[in-house]
Amino acid sequence: MLPCPENSECVYLLRVITNFAGPSPGIGLMLEDCTSLISVSAHLTLKKNAILFSFSELERLSNLVGKPSENHPLHNSGLLSLDPVQDKTPLYSQLLQAYKWSNKLQYHAGLASGLLNQQSLKRSANQMGVSAKRRPKAQPTTLVLPPQYVDDVINRIDRMFPEMSIQLSRPNGTSAMLLVTLGKVLKVIVVMRSLFIDRTIVKGYNENVYTEDGKVGYCISSNIKFYFYLVTDHATTALLHYQLPQMPDVVVRSFMTWLRSYIKLFQAPCQRCGKFLQDGLPPTWRDFRTLEAFHDTCRQ
Amino acid sequence: MGVAQVPVAEGKSLQQTVEILTRKLELLGAEKQGTFCVDCETYHTAASTISSQGQTGKLMYVMHNSEYPLSCFALFENGPCLIADANFDILMVKLKGFFQNAKANKIESRGTRYQYCDFLVKVGTVTMGPSARGISVEVEYCPCVIANDCWNLLMEFMQSFMGNHTPGIPSVFGTKHDSIYSPADTMVQYMELFNKIRKQQQVPVAGIR
């Protein structure tokens, strides 16, 4: 039996109960036990009254608190501000920050969508009328265009640029992979998702672009580190620049037009400084609008 | 891509001129990447075959390049270039009856290989027998396969460390037009350079491929 120094009555009560359960004791002992039992029950009544009092006190206080105001801007989560243990769980301040950022994000997204809708590609502006007919059809399904349609668009672009050959393959499922060979200058692997350009990798003309099983491999990086690494970088920038979700075929065409400007990769000096080399690197940047050659550091 | 000869600087020895060149390269930021060696052996057409066919003796050059360690290059002057496996040398021993090795004419260029961004630069001392005869500088631009396309770019690069000794466009480029540059073109340029140096009696000069 566990000792209970504060409530010796409880200890006693328990002892009585065990005595009852045990072998029948003498009657004198029983009477003694009964008196103790009565004193214990009096004690319990006292405790019960104290609890009742505390409870009614609580009820009274809770009525004083009153109904939380419903028009708090954060509704129920605003009540977190009443939490006195701020230091341990700064939930409320974090919540406010989150709301602030989400508002900012919404605001900026609104501004960006306004700007993006205004700025259609200048070069493709004259084709707007042509593609307008196709647009209502294409718009809801730009992410799931039939492979035949993608093939057609790529074939048309292939015929547009005689110095550029585009080889389409589908090594992994329905997504097309283009191997663009530009003159005898470079090879570009373009990974497409439907008609969206997903990724580009630029490699040297004499580099191997096929994996062991004869497919076009997109994981192979260029051995010629400096030059093609930079061009890959610029090509990625270009595909982010040429974005027009409603007309993916225009984007692909614009990107290819830009890519074609690399045909003079080794022959064009920088339009700003007039030199071929800067820190051992030729002009790798091509302006998106004028397609002129610049060094990476001369382009601003 | 381009092999050229650099003349020895005035008042300097050949070794000092090489050091000046390599120091300039290192100042540019080029990194040393070991050594290189290009050698060339001359073979005469054997006297017996000349008389029977009524031809004048033609020289054949058998060359090796440490950049292509598994290959052996056999060239005629102005003629075709054969690229064979390295054990072509053994075959030449078997062909002793037709081609005779002119051992005294063995010439080679040895030196350091540098890499600067996508450029490969090889600065070598050309030696014939025991004597150093000149300095050779080879410059290659790895991303480009059409030599004519990047010649201006190469020129600009060479000017940065060779100054006014930058060579003119090699004759091989003239006939290449838009075809792809191959290792054989490099070897032809080395052969021409070696021939030029052989003719310069003991006057040290440098050549550019």
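Note on naming: letters A, B, ... go to the chains in the order of the sequence lines (proteins, then strands), and numbering restarts at 1 for each one. For clarity, every value in this text was computed on a predicted model and none was experimentally measured.
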Neighbour count above 12 (heavy atom, 6.0 Å) for B:Arg110 CZ: no

Would you compute the distance between atom CG of A:Leu265 and atom CD1 of B:Ile146 and round it to the nearest 0.5 angstrom? 12.0 Å

Looking at A:Lys264, I'd like to know if its NZ atom is crowded, meaning that more than 12 non-hydrogen atoms belonging to other residues, nucleotides or ligands lie closer than 6.0 Å. no

Tell me, for A:Lys275 versus chain B, whether the close heavy atoms (under 4.5 Å) come from the side chain, the backbone, both or neither. both

Heavy atoms of other groups near B:Glu31 CD, more than 12 under 6.0 Å: no

Enter the distance from A:Gln267:CD to B:Leu153:CG here, rounded to the nearest 0.5 Å. 10.0 Å

Rounded distance [0.5 Å steps], OH in B:Tyr116 versus CG in A:Leu281: 7.5 Å

Give, as side chain, backbone, both or neither, the part of B:Phe157 having an atom under 4.5 angstrom from any heavy atom of chain A. both

From A:Asn206 atom CG to B:Cys142 atom SG, the distance as rounded to the nearest 0.5 Å: 9.0 Å

Closest non-hydrogen atom pair between B:Tyr141 and A:Pro282, with its separation: OH-CG, 3.2 Å

Under 4.5 Å between any side-chain heavy atoms of B:Cys150 and A:Phe276, yes or no? no

Atom OG in B:Ser160, atom CG in A:Leu277: separation rounded to 0.5 Å? 7.5 Å

Could you tell me which non-hydrogen atom of A:Gly280 sits nearest to which non-hydrogen atom of B:Cys117, and how far apart they are? O-CB, 3.7 Å

